[in-house]
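Lettering of chains follows the sequences in order, A, B, ..., and the numbering in each one begins at 1.
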4 protein chains.
Amino acid sequence: MGATSTKQSAIFSASLVLFAERGFDATTIPMIAEGANVGAGTIYRYFKNKESLVNELFQKYVKEFLVCIEKGLLVHRKDFREGFHHIFRGMIQFTVENPRALRFIKTHSQGAFLDEKSLKEYEKLVDLVCDFFREGQQEGAIRTLHVNALIAILFGSFMEVHSLVESQHIILSKELLDELEESLWAAIKQC
Amino acid sequence: MGATSTKQSAIFSASLVLFAERGFDATTIPMIAEGANVGAGTIYRYFKNKESLVNELFQKYVKEFLVCIEKGLLVHRKDFREGFHHIFRGMIQFTVENPRALRFIKTHSQGAFLDEKSLKEYEKLVDLVCDFFREGQQEGAIRTLHVNALIAILFGSFMEVHSLVESQHIILSKELLDELEESLWAAIKQC
Amino acid sequence: MGATSTKQSAIFSASLVLFAERGFDATTIPMIAEGANVGAGTIYRYFKNKESLVNELFQKYVKEFLVCIEKGLLVHRKDFREGFHHIFRGMIQFTVENPRALRFIKTHSQGAFLDEKSLKEYEKLVDLVCDFFREGQQEGAIRTLHVNALIAILFGSFMEVHSLVESQHIILSKELLDELEESLWAAIKQC
Amino acid sequence: MGATSTKQSAIFSASLVLFAERGFDATTIPMIAEGANVGAGTIYRYFKNKESLVNELFQKYVKEFLVCIEKGLLVHRKDFREGFHHIFRGMIQFTVENPRALRFIKTHSQGAFLDEKSLKEYEKLVDLVCDFFREGQQEGAIRTLHVNALIAILFGSFMEVHSLVESQHIILSKELLDELEESLWAAIKQC
DNA sequence: GATGAATGAGACTTCATTCAT
DNA sequence: GATGAATGAAGTCTCATTCAT
């Protein structure tokens, strides 16, 4: 909890903003150093190299995303509509608590620079929701589309809407969230 | 059909594959040259520079995408379910006819390298579907979500599923397409 | 007297020699880097780009040239023969103190890469001598040739002789200088 | 006297203009080709390469310059003032008949691309005037400066004034020429 | 003979990374 | 531990030269 973690988190913060806005390749180490108010060399005390930094950042936020979704799921398992509500609200909570993180995750989840650990962590996130959907399908509550497709619909839609909110093409409101949840549930539920 | 168009289209093809797979920044001119079986210098006979290349490629495919969607829409306008069917099938047709193009469009549509013409062309695409949705909302056939959100749901989902097909996480089949269409229509329609 | 000024002046020195000998276009950054014993990238820590380097170098030496000529002029203004003597000796002093600088200035003073500041600085140099000549003409001490032509004679001759000295076609001696001064004065003075 | 010599002289003309205005390095083969209204490849039918072209051009104009000066000299040898007059008028004639040639010769006479033949031809030019000056010195008509220095004064001044005329800083007139001749003779003659 | 499309060597420049301070 | 000056590999782009047409 000393000066060390302060510097590291400053580097994390600056990286998140820059990676989310400009992408991995277009972000330079000096940019991050300036954003974090540290020397360029200092970054290399905390991270082996630029790839290492992006991977640690990616894993950090994927984990936090996972926690946000997991939290609500554990409680209400029987009712799938309720379960979906918790997943959806967990996603919202994550984007609110970690402003640039979702865009960062989305735009970097296919990057060639991701190492095995990052990919595995990302898969965990997907698997969690997969399991939920699969169970719902067995109970006849959820559409019999390929579970990966269902996840694609859920995440793809959500992230795209999130982009619009961030770029201020859409204004976030309670109504929007409720309608969006309803729309996505309609896409997912067995009719 | 002389050597000219052959070289240029070889450069286009190689660029499309590389940009779609690795992104603009991570793709180098030598990579494109090798993929197109031309010398690096040749690329500069056909395109002013790397940015010019990505913009021309972007406009080309956005235009073709537009054509695919427009085609069906013009016929069946009254029935929105039918209209949606044509949009959806147009999207499918485009992805089948232009294997990497949709992923390229999606991953580059926010790039800082896009010039005004590219942005305008992309906007046309969005506007076309916007208009369709807006009309449907006035007729009470389509959900009253913000039209941009509806588009985000449609395109976001579709592209994400498309990614899964391309990465062979999902196998494309008539059933999948039918169910996906049904699911997305459920997300969009007024219930 | 830190490492900073050492590197920068090494780059300046190497540039001066190379630009003077080969010209701006035929001098490459790697050549300069090798001459200055620095990495090629280091040059870009001190100068924005190659043009910036040549402009800073040009301004530096034109300023020093100006100082050399100005110094003597300020004292003896009434006697034009004496004034000319000081201009001439100032030119000599400059070429002795800054071995390659005069040739560099001469061969680059018409370069398309010169920016406004460089041109203005060069003009100052010309104007100083112009004023001296104009005054001399009004007093009937100096030939009524166009002042620009007088300057052309003075500088053109001087630089050409300087070239011969540098290329060791002529050996520099007190006699040579005295005779040269006499010859140029004869060209300039009203007879 | 067919199409061949037409093309070659078109290439020569275009090269002269471009080399004189932009210099050897800043002039590209495509520029010359466009200026000469020939294909780029055609240039290589008439000249081995770019260096060969500049050397042939240089030799051609140095030779013509030599002829211009030689012509008048052969007649009046005893009177050095008269001899100088012919040299000077020969120089004028050359610049009038070959608009860009003198500037081309001057700005390229130190180029690293000049081959032995070019250097030898240039030396001939210098030697011709050298001999004249040396003879004049022996007769006590010409200043006892190093002959190379005398040539430097003559050519250096002349070329510099010529530059001013070309750049329209000075307007060419009979008076200017007469005064200039007088001034240069004053610089050269034994007083 | 004439052309200009094609090429690749080499120029300028950037930036991840190191290391002396 | 922190820094940022220094570096050189690698990227973009130009252009002299070749060669199939």
What is the distance, to the nearest angstrom, from the [atom1] atom on [X] to the [atom2] atom on [N]?
| X | N | atom1 | atom2 | answer |
| --- | --- | --- | --- | --- |
| A:Arg45 | E:dC19 | CZ | P | 13 Å |
| C:Asn37 | F:dA6 | CG | C1' | 13 Å |
| D:Phe24 | F:dC15 | CZ | C1' | 12 Å |
| D:Phe47 | F:dA16 | CZ | C1' | 16 Å |
| A:Ile32 | E:dT17 | CD1 | P | 11 Å |
| C:Gln8 | F:dA5 | CD | P | 13 Å |

For [N], the Watson-Crick or wobble counterpart (both distances under 3.5 Å):
| N | value |
| --- | --- |
| E:dA9 | F:dT14 |
| E:dT21 | F:dA2 |
| F:dG8 | E:dC15 |

What protein N or O atoms touch nucleotides 9-11 of chain F N or O atoms at under 3.5 angstrom, if any, and at what distances?
none

Is B:Glu123 salt-bridged to B:Lys120, going by a charged N under 4.0 Å from an acidic O?
->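 Judged by the 4.0 Å cut-off on N to carboxylate O distance, B:Glu123 and B:Lys120 do not form a salt bridge.
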Any ion pair linking A:Lys60 and A:Glu56 (charged N to carboxylate O, less than 4.0 Å)?
->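 Result for this pair is no, no salt bridge flagged.
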Residues in side chain to side chain contact (heavy atoms under 4.5 Å, CB included) contact with D:Asp25, at least two apart in sequence or another chain |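 Residues passing side chain to side chain contact (heavy atoms under 4.5 Å, CB included) with D:Asp25: C:Asp25, C:Ala26.
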Toward the 5' end of DNA chain F, which comes first, C:Ile43 or B:Tyr44, by nearest nucleotide?
->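 Counting from the 5' end, the first nearest nucleotide belongs to C:Ile43.
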Might you point out which heavy atoms bring B:Arg103 and B:Ser163 nearest each other, and give the distance in Å?
->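 Result for this residue pair: NH2-OG, 3.3 Å.
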So D:Phe104 and D:Tyr61, would you call those rings parallel, tilted or perpendicular, with 30° and 60° as cut-offs?
->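 Perpendicular, since the angle between the ring planes exceeds 60°.
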From the list E:dT3, F:dA2, F:dA6, which nucleotide is the closest neighbour of the side chain of A:Lys7?
->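 Ranking E:dT3, F:dA2, F:dA6 by closest atom to the A:Lys7 side chain puts F:dA2 first.
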Does the gap between the ring centers of C:Phe47 and C:Phe12 come in under 6.0 Å?
->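 Yes, close enough.
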F:dA5 OP1/OP2 closer than 4.0 Å to side-chain N/O of C:Tyr46 =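 No, outside the criterion.
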Could you walk me through whether B:Asp115 and B:Ser118 pass the side-chain hydrogen bond (donor to acceptor under 3.5 Å, both in side chains) test, one step at a time?
-> CA-CA 5 Å; B:Asp115 61 23; B:Ser118 293; 3.1 Å; yes
